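Every heavy atom of this structure was used, including side-chain atoms; hydrogens, water molecules and symmetry mates were not. Source: prediction; values computed, not measured. Atoms within a ligand are numbered from 1 in the order they appear, just like the ligands themselves.
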Amino acid sequence: MKFSTILTGGLTLCLAIGAQAATLDDVKNRGMVSCGVSTGLAGFSQKDENGMWSGLDVDVCRAVAAAVLGDDTKVQYKPLTAKERFTALQSGEIDLLSRNTTWTHTRDTSLGLNFAGVNYYDGQGFMVSKKIGVTTALELDGAAVCIQAGTTSELNLADYFRENKLSYTAITFDTADQTRAGFESGRCDVLTSDQSQLYAIRIGLKNPADALVLPEVISKEPLGPVVRQGDDEWFNITRWSLMAMVEAEFLAVDSSNVDNAMKNGSPSQKRLLGSEGDAGDKLGLDANWAYNIVKLVGNYGESFERNVGMDSPLKIARGQNAQWNNGGLMYSAPIR
Ligand SMILES: N[C@@H](CCC(=O)N[C@@H](CS)C(=O)NCC(=O)O)C(=O)O
């Protein structure tokens, strides 16, 4: 009897631990968020010569650290290739994957992972050297294609060429740098990846003006942060850290006016920033979780312009990544 009570007690404890999978506690104890990023992709996640990471995806890591630890610099960045990224998350090596990763049905349902939102709406495209004289992807029959292993780009390429009855040879690489080098050295006629990454790779070419991005966009690539399945608290924190950036832009709160908005803002601004309501408490965080995000990282629009938009070398227009009331798809659920 006693034994079975102990056994039941033990079992209950195990189940409780399994169900909680408390990433938040781990992160607080460590004092750091472990964030999986790319091996180097301009505008999204890239390390500079001083070892500082920046980019739109890096800002999601920073936002989560700001929300949880009140300090956006408390992030350990783990560079991962496309092939390595999901295993690193499944095994617990990272708390969060924020690495231009497309939300697909297979990844969401069969890897033990959950996508927490979309921080960039993308689509796959093609880049060629101008000297081959190709102006549409339909002229690519028989082409050698530089591509990165373990990506949706590989799968979409196969679909597109099959659908259009074209043949190709895939030349596969592990990192963006290698893919760019393969393209530059003429190992392939065309490089394919998400369009944003084409622009990022193009600015790394010796002569960016020699390369042409073709007009076709052959897929939908909603890119966003990913967490392990089974930890709803951490999922909520990640999802709402991203939402807070998007909502802050919608509510016209940015890093320069956030202090004033917290004191004198509208009810929605005050609820976001924690001077009214208990949004932080419901996430298991301090009241100023979103204030810290906006103050330290900025709103989504600030992050976009600084990293990939007009204030960056990539000069990507907002397009689908504009706010919903400005013709785009960026839309935060209300914080109330
Ligand atoms: N969004 C696609 C593609 C992601 C991807 O890894 N693209 C390459 C394009 S070359 C990249 O960004 N590589 C960065 C790296 O090598 O770390 C996916 O989730 O599968």
Side-chain angles (χ1 to χ4, degrees), residues 35-48 53-58 60-61 77-90 93-94 96-111 113-128 145-160 170-185 187-188 190-205 208 211 213 217-227 307-308 314 316 320-321:
C35 201
V37 290
S38 77
T39 63
L41 190 66
F44 286 81
S45 45
Q46 197 176 36
K47 194 160 75 165
D48 69 14
W53 283 88
S54 66
L56 194 76
D57 289 343
V58 163
V60 175
C61 309
Y77 293 98
K78 295 260 166 79
L80 298 165
T81 66
K83 277 194 290 189
E84 294 164 339
R85 60 187 152 171
F86 300 121
T87 321
L89 187 56
Q90 288 157 341
E93 192 189 335
I94 53 173
L96 170 69
L97 177 71
S98 185
R99 184 207 173 281
N100 56 310
T101 294
T102 306
W103 184 353
T104 69
H105 176 270
T106 302
R107 290 171 177 178
D108 205 9
T109 57
S110 61
L111 298 183
L113 306 175
N114 280 329
F115 283 78
V118 177
N119 71 330
Y120 191 97
Y121 289 91
D122 211 337
Q124 186 173 336
F126 297 96
M127 180 166 74
V128 295
V145 187
C146 280
I147 191 154
Q148 195 164 324
T151 58
T152 48
S153 324
E154 272 188 309
L155 310 174
N156 301 323
L157 175 73
D159 281 1
Y160 182 78
I171 318 271
T172 309
F173 299 92
D174 277 335
T175 68
D177 268 355
Q178 291 167 2
T179 316
R180 180 186 37 73
F183 175 73
E184 201 152 38
S185 67
R187 293 204 46 203
C188 47
V190 55
L191 187 159
T192 187
S193 79
D194 300 343
Q195 281 222 319
S196 63
Q197 292 140 55
L198 293 181
Y199 290 109
I201 290 170
R202 187 162 70 167
I203 59 166
L205 294 172
V213 174
V217 178
I218 67 164
S219 69
K220 287 187 286 187
E221 307 290 331
L223 312 178
V226 198
V227 294
N307 293 303
V308 299
L314 271 71
I316 299 176
Q320 291 183 315
N321 296 296

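- In this view, Tyr77 and Trp53 satisfy the ring pair (Phe, Tyr, Trp, His ring centres under 6.0 Å) rule, not counting sequence neighbours.
- For an aromatic pair to be called close, the ring centres must be under 6.0 Å apart, and Phe126 with Tyr160 satisfies this.
- For ligand 1, none of its N or O atoms has an N or O atom of Gly150 under 3.5 Å away.
- Annotation: Thr81 places no N or O atom under 3.5 Å from an N or O atom of ligand 1; distance criterion only.
- Residue contacts with ligand 1, taken as heavy atom pairs separated by less than 4.0 Å, involve Arg107 solely via side-chain atoms from C-beta onward.
- Residue Thr102 has at least one nitrogen or oxygen atom sitting less than 3.5 Å from a nitrogen or oxygen atom of ligand 1, judged on distance alone.
- Between the side chains of Arg99 and Ser45, no donor-acceptor pair is found at a separation under 3.5 Å.
- Among Cys146, Ser193, Ser153, the one residue that satisfies the side chain to side chain contact (heavy atoms under 4.5 Å, CB included) test with Thr179 is Cys146.
- Compare Glu221, Arg99, Gln148, Arg85 by their heavy atoms: the one nearest to atom 18 (C) of ligand 1 is in Arg85.
- The two atoms that bring Val226 and Leu89 nearest to each other are O-CD2, 3.5 Å, heavy atoms only.
- For Thr39 and Thr175, the side-chain atoms include no donor-acceptor pair closer than 3.5 Å.
- Gln124 and Thr152 get closest at one heavy-atom pair: OE1-O, 4.0 Å.
- Heavy atoms of Ile201 found under 4.0 angstrom from ligand 1 belong exclusively to the side chain.
- Counting heavy atoms under 4.0 Å from ligand 1, residue Leu223 touches it through the side chain alone.
- Note on ligand 1: Leu80 sits in its first shell, one or more heavy atoms being nearer than 4.0 Å.
- Which parts of ligand 1 touch Thr39 is read off a 4.0 Å heavy-atom cut-off, strictly below it: atoms 15 (C), 16 (O), 17 (O).
- Proximity of Leu41 to ligand 1, defined as any heavy-atom pair under 4.0 Å, is confined to the side chain (atoms from C-beta onward).
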